[in-house]
Colleague: 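I have a structure here, written as structure tokens, and I will follow up with some questions on it.
From a predicted model like this one, the values you see are computed outputs, not experimental measurements.
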Amino acid sequence: MHIYIEDIGKYQGKDVIIKGWLFNKRSSGKIRFILVRDGTGIIQSVIAKGEVKDELFKIVDKITQESSVILTGTVRKDDRAPGGYEIIAKDIKVIQMAEDYPITPKEHSIEFLLPFRHLWLRSKKQNAIMRIRHEIIKACRDFLDNQGFINADTPILTPAAVEGTTTLFQVDYYDQNAYLSQSGQLYNEATAAALGKVYCFGPTFRAEKSKTRRHLTEFWMLEPEVAYIELDGIMDLAEDMTVYFVERILEKRKKELKILERDISKLEKIKKPFPRITYKQAVEIIRKKDKQLKYGDDFGAPHETILSDSFDNPILVHHYPAGIKAFYMKRDPNDESLSLSVDMIGPEGSGELIGGGQREDDYKTLLKRLKENNLPEKSYEWYLDLRKFGTCPHGGFGLGLERTIGWICGVKHVRETIPFPRMLDRVYP
RNA sequence: UGGGAUAUAGCUCAGUUGGCAGAGCAGGUGGCUGUUAACCACCGUGUCGCAGGUUCGAACCCUGCUAUCCCAGCCA
């Protein structure tokens with residue numbers, strides 16, 4: 001019976017079939033140990049001379065790393081085996097003998113590994129990161145779905161910029177130009193007014209000349225948007241969702257965190273309530289360590305790290321000056337210079353994980369903002385309509401998936417948190 | 001787009017004052033009946049990033065170029 005290695009514990013004493021690839025092998029006299037991986041785990045198999053056909057024994061000596069194999073044998077509990085179980089081999093069928101696998105069992109540099117990303121994904125740590133990525137996605141979706149959110153995805157091909165055109169990828173769209181979406185937010189506002197509570201989740205594209213450990217040109221963003229919500233409610237949502245997926249990872253993916261040598265105690269400290277501080281208070285905290293920063297400046301990466309080092313939890317920074325936020329942010333009725341915006345700065349220097357806020361919901365004010373930003377009114381006609389036909393206070397946020405995974409996994413650079421990273425100088429493989 | 005660094009064996013790196021091109025790992029062969037990144041012995045491997053220059057002599061010094069990595073702005 002074909003089984004997966006992650007389920008091996010259920011088959012003690014039984015004969016099973018494992019379909020996978022050779023991870024590594026060792027030998028000692030008349031006994032051979034092979035490690036087979038199948039994507040769900042790694043299992044050791046023992047091949048002893050005299051207990052199997054001589055022919056099989058010879059094949060084992062020849063199998064190369066990453067050759068595809070089908071292993072048949074009996075499951076046995078044994079403390080000497082990594083993982084606690086091993087398979088006493090009865091038969092091994094080589095589906096294809098791999099030649100000179102480039103990623104040998106030793107340390108490699110990132111320069112070497114990146115062009116082999118298609119193979120690098122087979123390694124233990126990358127496997128663990130991808131499993132955590134999957135779990136975070138699933139947890140966020142479950143969290144939103146349980147609260148009655150509707151997944152209403154927004155287009156990737158869009159007619160115009162959301163916030164300026166310099167950072168957009170342009171594509172030919174029959175006889176006109178289109179752009180790859182850099183946010184689903186504006187469309188989210190339309191679906192929120194149609195469905196109440198919505199989210200979109202998909203790839204977003206930024207043609208920024210960014211070459212930092214927190215940037216990809218193609219990344220995934222989860223964007224919830226809610227009708228009849230105000231800034232405090234948006235912060236509650238961001239906080240609750242974060243606590244939810246952190247708990248889920250600690251519950252279901254401890255094994256993967258261990259493979260990644262992640263300090264779990266840091267994640268166990270994530271508890272409600274998160275500190276909520278105004279932009280002004282944040283500036284004061286940062287200025288204790290960096291006098292260069294002035295009120296009105298946006299935070300750079302080192303500033304975010306100073307902030308995150310001051311707390312165990314993620315920090316919700318709200319009421320940024322309107323000048324450093326997008327045109328659609330609603331202004332604070334008590335102070336027109338401030339926006340009803342919020343960013344969530346992740347712990348341990350993981351950076352801005354969430355950006356969002358309450359949207360401008362007044363037709364005349366929004367029109368004025370468009371003009372101030374020299375945005376083409378015609379392209380935004382449909383967006384303005386949302387303020388003409390039953391406007392209401394509403395808002396939401398965007399969560400950067402790769403940065404979130406980087407934080408949870410304790411991986412510094414976001415390129416390892418997506419199967420195939422797209423960066424300024426890299427679109428292969 | 002700036003600032004910093006690197007480029008030597010398949011990989012990770014060392015290479016002293018300018019004087020024969022090195023090690024570990026991976027690979028190959030042999031040995032070992034419970035190995036855990038197994039171990040032991042033996043074996044092979046080079047456009048020293050590219051193009052010039054200085055020098056009796058350059059991996060090393062000088063000039064230019066190319067590529068890559070790190071950090072940052074913009075942002076999620």
Colleague: Measure CD/A/E352 against P/B/rA76 and give the value in whole Å, please.
Modeller: 5 Å
Colleague: Measure from the side chain of A/I31, starting at C-beta and using heavy atoms only, and say which of B/rC69, B/rU33, B/rA76 lies closest.
Modeller: B/rU33
Colleague: Is a donor on one side and an acceptor on the other found under 3.5 Å between the side chain of A/S339 and the backbone of A/M329?
Modeller: no
Colleague: Between A/S28 and B/rC32, is there a contact of a side-chain N or O with OP1 or OP2 at under 4.0 Å?
Modeller: no
Colleague: On RNA chain B, nearest-nucleotide positions of A/T64 versus A/M344: which is more 5'?
Modeller: A/T64
Colleague: Quick one: is A/K30 getting a side-chain N or O under 4.0 Å of the B/rC32 phosphate, OP1 or OP2?
Modeller: yes
Colleague: Ring centres of A/Y187 and A/Y383 under 6.0 Å apart?
Modeller: no
Colleague: Suppose you measure atom C1' in B/rA14 against the same atom in B/rG53; what distance do you get, rounded to whole Å?
Modeller: 28 Å
Colleague: Across the strands shown, which category fits A/A48 at heavy-atom distances under 4.0 angstrom: base, sugar-phosphate, nothing?
Modeller: nothing
Colleague: For A/Q44, report the nucleic acid contact type (base, sugar-phosphate, nothing); a contact means any heavy atom under 4.0 Å.
Modeller: base
Colleague: Hey, what's the ring geometry for A/F143 with A/Y244, parallel, tilted or perpendicular (30° and 60° as the breaks)?
Modeller: tilted
Colleague: Is a donor on one side and an acceptor on the other found under 3.5 Å between the side chain of A/S310 and the backbone of A/I306?
Modeller: yes
Colleague: Just by modelled atom types, is the A/P421 backbone N or O under 3.5 Å from a matching donor or acceptor in the A/R426 side chain?
Modeller: no
Colleague: Can a side chain N or O of A/R26 be found less than 4.0 Å away from OP1 or OP2 on B/rA38?
Modeller: yes
Colleague: Have a look at A/E304 and say if it touches a base, only the backbone sugar-phosphate, or nothing, with a 4.0 Å heavy-atom cut-off.
Modeller: base
Colleague: Would you kindly give the CG-to-P distance between A/L424 and B/rU68, to the nearest whole Å?
Modeller: 10 Å
Colleague: If pairing requires Watson-Crick or G-U wobble contacts with both distances under 3.5 Å, which nucleotide is the partner of B/rA5?
Modeller: B/rU68
Colleague: If you measure from the C1' atom in B/rG49 to the same atom in B/rA5, how many Å do you get, rounded?
Modeller: 15 Å
Colleague: Using both distances under 3.5 Å as the test, list the Watson-Crick or G-U wobble partner of B/rA51, or none.
Modeller: B/rU63
Colleague: Is the A/Y199 to A/F397 ring centre distance short of 6.0 Å?
Modeller: no
Colleague: Can you check whether A/Y101 and A/W21 have ring centres sitting under 6.0 Å from each other?
Modeller: no
Colleague: Return no unless some side-chain N or O of A/R76 is found under 4.0 Å from OP1 or OP2 of B/rG34.
Modeller: no
Colleague: Return the value, rounded to whole Å, for the distance between atom NE2 of A/H215 and atom C1' of B/rC70.
Modeller: 16 Å
Colleague: With C1' as the reference atom in both, quote the distance from B/rA59 to B/rU17 in angstrom, rounded to an integer.
Modeller: 15 Å
Colleague: Could you give the CG-to-P distance, from A/D100 to B/rU45, as a whole number of Å?
Modeller: 17 Å
Colleague: Tell me the interatomic distance from A/K106, atom NZ, to B/rG27, atom P, rounded to whole angstroms.
Modeller: 11 Å
Colleague: Any side-chain N or O of A/R426 below 4.0 angstrom from OP1/OP2 of B/rC69?
Modeller: yes
Colleague: Set out, in order, the CA-CA distance, both residues' side-chain angles and the distance that settles salt bridge (charged side-chain N to carboxylate O under 4.0 Å, His left out) for A/K62 and A/E99, then state yes or no.
Modeller: CA-CA 11 Å; A/K62 292 216 172 85; A/E99 295 179 34; over 6 Å; no
Colleague: Distance check needed: B/rC75 P versus A/H303 NE2, whole Å only.
Modeller: 14 Å
Colleague: Can you check salt bridge (charged side-chain N to carboxylate O under 4.0 Å, His left out) on A/K271 and A/E239, steps first, answer last?
Modeller: CA-CA 9 Å; A/K271 291 268 153 66; A/E239 185 181 5; over 6 Å; no
Colleague: Provide the distance between the two C1' atoms, one in B/rG52 and one in B/rG10, to the nearest whole Å.
Modeller: 31 Å
Colleague: By the 4.0 Å heavy-atom rule, please label A/D343 as base, sugar-phosphate, or nothing.
Modeller: nothing
Colleague: Does atom OH (A/Y4) have a neighbourhood of more than 12 heavy atoms from anything else shown, all under 6.0 Å?
Modeller: no
Colleague: When you measure only distances, ignoring hydrogens and angles, does the side chain of A/R206 come within 3.5 Å of the base of B/rG73 through a donor and an acceptor?
Modeller: no
Colleague: Check the distance between B/rA26's P and A/F112's CZ and give it to me in whole angstrom.
Modeller: 14 Å
Colleague: Would you please confirm or rule out a distance under 4.0 Å between OP1 or OP2 of B/rA38 and any side-chain N or O of A/N24?
Modeller: yes
Colleague: With rounding to the closest Å, how many angstrom separate the P atoms on B/rC48 and B/rA58?
Modeller: 13 Å
Colleague: Pick the C1' atom in B/rU63 and in B/rG28, then give their distance to the nearest Å.
Modeller: 45 Å
Colleague: Mind checking if A/E86 touches a base, just sugar-phosphate, or nothing, with heavy atoms under 4.0 Å?
Modeller: base
Colleague: What integer number of Å spans the C1' atoms of B/rU6 and B/rU12?
Modeller: 14 Å
Colleague: Would you mind telling me which of B/rC71, B/rU12, B/rU33 lies closest to the side-chain atoms of A/H413?
Modeller: B/rC71
Colleague: How would you label the contact of A/R214 with the nucleic acid (heavy atoms, under 4.0 Å): base, sugar-phosphate, or nothing?
Modeller: base
Colleague: Please compare A/D298 and A/S27 by the position of their nearest nucleotide in RNA chain B and report the one closer to 5'.
Modeller: A/S27
Colleague: C1' atom, B/rC25 versus B/rA37: distance in rounded Å?
Modeller: 10 Å
Colleague: Please work out if A/L216 contacts a base, only the sugar-phosphate, or nothing of the nucleic acid, heavy-atom cut-off 4.0 Å.
Modeller: base
Colleague: B/rG73 P sits how many Å from A/E208 CD, rounded?
Modeller: 11 Å
Colleague: Side-chain donor or acceptor of A/T104 under 3.5 Å from a matching atom on the base of B/rC11?
Modeller: no
Colleague: Could you check which residues of residues 231-245 of chain A get a heavy atom under 4.0 Å from RNA chain B? Sort them by number, please.
Modeller: none
Colleague: Can you figure out which of B/rC69, B/rA26, B/rC71 approaches the side chain of A/L114 most closely?
Modeller: B/rC69
Colleague: Provide the Watson-Crick or G-U wobble partner of B/rC42, both distances under 3.5 Å; none if there is no partner.
Modeller: B/rG28
Colleague: Quick check against the 3.5 Å criterion: does A/R32 have a side-chain atom that pairs as donor or acceptor with the backbone of A/G29?
Modeller: yes
Colleague: Paired with B/rU16: which nucleotide, if any, by Watson-Crick or G-U wobble criteria at under 3.5 Å for both distances?
Modeller: none
Colleague: Could you check whether A/F33 and the base of B/rG34 form a stacked pair, meaning centres closer than 5.5 Å and planes differing by less than 30°?
Modeller: no
